[in-house]
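All values below come from the heavy atoms of this structure, side chains included, with hydrogens, waters and symmetry mates left out. Per chain, numbering begins at 1; letters A, B, ... match sequence-line order.
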Number of protein chains: 2
Amino acid sequence: MPERRSSDDLKEVIRDFRRDQVIDVARRLFGERGTTDVPMDEIAAAAGVARSTVYVYFANREELLRACLKGMHTHLIDAVAEAWEADAGPTQRLARIIEEMLARVDENPAFFRLALVTQGAPSSGAAAVGAELALISLDIARLLRTVVDDGMNSGQFRMIEPDLAVTLIGQQIYGAIAVRAAEPIPGPRAEAAAAAVEFILHGLAA
Amino acid sequence: MPERRSSDDLKEVIRDFRRDQVIDVARRLFGERGTTDVPMDEIAAAAGVARSTVYVYFANREELLRACLKGMHTHLIDAVAEAWEADAGPTQRLARIIEEMLARVDENPAFFRLALVTQGAPSSGAAAVGAELALISLDIARLLRTVVDDGMNSGQFRMIEPDLAVTLIGQQIYGAIAVRAAEPIPGPRAEAAAAAVEFILHGLAA
DNA sequence: CTATTGATCGGACAGAGTGTCCGATCATCT
DNA sequence: AGATGATCGGACACTCTGTCCGATCAATAG
């Protein structure tokens with residue numbers, strides 16, 4: 001009985017390992033050349049498996065792409081959540097969220113660019129893929145909402161419609177990510193994050 | 001001789017008309033279902049021409065897509081430039097730029113979403129298409145630069161690195177556009193624009 | 001040690017779309 | 001009426017997708 005169990009578990013582990021192997025390769029290739037321009041043949045070859053085997057793990061191209069995004073999602077949320085505990089004030093937390101997200105961009109700019117690109121894209125894969133990204137947005141929005149509420153309660157932020165505040169901050173972050181992902185050689189991350197926070201807090205007026 | 005000339009001109013006009021006809025249809029279909037999911041057959045059929053005729057006007061799918069973006073580009077720049085003359089102060093001009101851009105989004109959200117999506121996308125078409133969009137960004141950045149310089153010179157904006165200021169404003173606008181393009185039923189445009197301007201000027205701090 | 005099982009391979013297959021090409025057709029201008 | 005040029009429509013080769021299936025190989029059970 002124990003043998004059987006551990007044997008099954010092993011298979012599971014191997015299976016996941018193989019799966020991740022394909023996902024990693026796909027994420028890299030998708031990032032380099034775009035989702036549409038990489039044939040399944042090539043992904044399979046690069047991952048060292050047969051094309052037909054890829055279709056054992058993923059029903060189709062779209063599901064593979066979704067799996068790529070899913071991994072990034074959990075990674076991002078984990079990183080932000082971890083940093084979350086460390087800091088206390090709303091300003092610090094806001095700074096931390098932005099810095100963590102930019103860090104994620106720096107980790108794999110090509111694929112992050114791709115993720116933004118896929119966002120809201122009315123293309124075949126995107127209906128389902130969009131759902132995956134919507135989850136990320138929701139998670140981030142929830143965190144931002146907490147920041148905004150804290151900021152207003154403590155009198156550090158001025159009083160405006162909280163939803164609007166979240167939208168505005170979100171827009172700024174979205175833009176910052178898009179810009180950074182597009183930059184060939186992004187400048188120092190800390191400065192970029194600090195500039196964004198400063199701007200979000202005080203704007204440009206004299 | 002004059003006949004010949006006007007005859008040639010007429011051909012030119014007809015040619016352009018046909019071309020625009022295809023572009024309009026393509027823009028709509030691309031907006032509705034994405035660039036990859038609309039076969040050339042369908043575009044041709046919807047435009048009322050043979051598929052082979054489309055290939056007379058456009059070398060390939062990518063060139064057609066680029067033509068779609070090009071039209072939007074000129075339209076956008078014209079609209080902003082026109083409004084530009086009317087207003088004087090940097091704040092008013094900033095507001096006007098944002099409002100005009102959001103108006104463009106409202107005109108054809110589906111296609112605008114698509115344009116954002118294509119932005120920086122490392123996909124087949126996107127290398128050349130990206131160039132087209134880069135031009136738009138450049139034009140807008142130039143306008144924003146003027147706004148920033150005016151604002152600082154007149155003491156209405158605080159003094160910071162102008163390039164940074166342009167980037168930050170650009171990020172907010174980019175995000176605002178993306179968010180609006182993604183909304184199923186966007187709220188009142190004037191309010192959205194006003195909120196963005198207010199945010200850009202004063203931020204969230206108390 | 002052998003038989004079974006399950007995963008993987010490799011290749012064939014139909015279907016769909018792309019871009020090219022060319023003869024047939026039609027309208028227009030001479 | 002005849003020449004000219006745009007358009008049509010369909011055939012073509014090519015590529016990619018997703019499906020399928022027999023062959024192969026390794027680990028495991030008996």
Residues within residues 52-60 of chain A bordering DNA chain C, heavy-atom distance below 4.0 Å
A:Ser52, A:Thr53, A:Tyr57

Answer yes or no: is there a side-chain heavy-atom contact under 4.5 Å between B:Met152 and B:Val148?
yes

Nearest-Å distance for atom pair CZ/P, residues A:Arg19 and C:dA7
15 Å

Between C:dA7 (P) and A:Phe17 (CZ): distance, integer Å:
17 Å

Pick out which of A:Ile140, A:Val166, A:Ile169 makes a side-chain contact (heavy atoms from CB on, under 4.5 Å) with A:Arg145.
A:Val166

Whether over 12 other heavy atoms sit under 6.0 Å from B:Gln92 CD
yes

Without decimals, in angstroms, what is the distance between B:Asp37 CG and C:dA16 P?
14 Å

Is it the case that the base of C:dG17 and the side chain of B:Arg61 share a donor-acceptor contact (distance under 3.5 Å, atom types as modelled)?
no

Roughly, in whole Å, what's the span from CZ in A:Arg18 to C1' in C:dA7?
8 Å

B:Asp78: what forms a side chain to side chain contact (heavy atoms under 4.5 Å, CB included) with it, not counting sequence neighbours?
none

Indicate the ring-plane relationship of A:Tyr174 and B:Tyr174, choosing parallel, tilted or perpendicular according to the 30° and 60° boundaries.
parallel

Taking NZ, NE, NH1 and NH2 as the nitrogens, is one of them in A:Arg142 or A:Asp139 under 4.0 Å from a carboxylate oxygen of the other?
yes

Looking at B:Arg51 and D:dG9, is any side-chain donor or acceptor paired with a base atom of the opposite kind under 3.5 Å?
no

B:Arg61 versus B:Phe30: any side-chain heavy-atom pair under 4.5 Å?
yes

Could you identify which residues of residues 39-50 of chain A place a heavy atom less than 4.0 Å from some atom of DNA chain C, listed by residue number, or say none?
A:Gly48, A:Val49, A:Ala50

Using a strict cut-off of less than 4.0 Å between a Lys/Arg side-chain nitrogen and an Asp/Glu carboxylate oxygen, indicate whether A:Arg104 and A:Glu107 qualify as a salt bridge.
yes

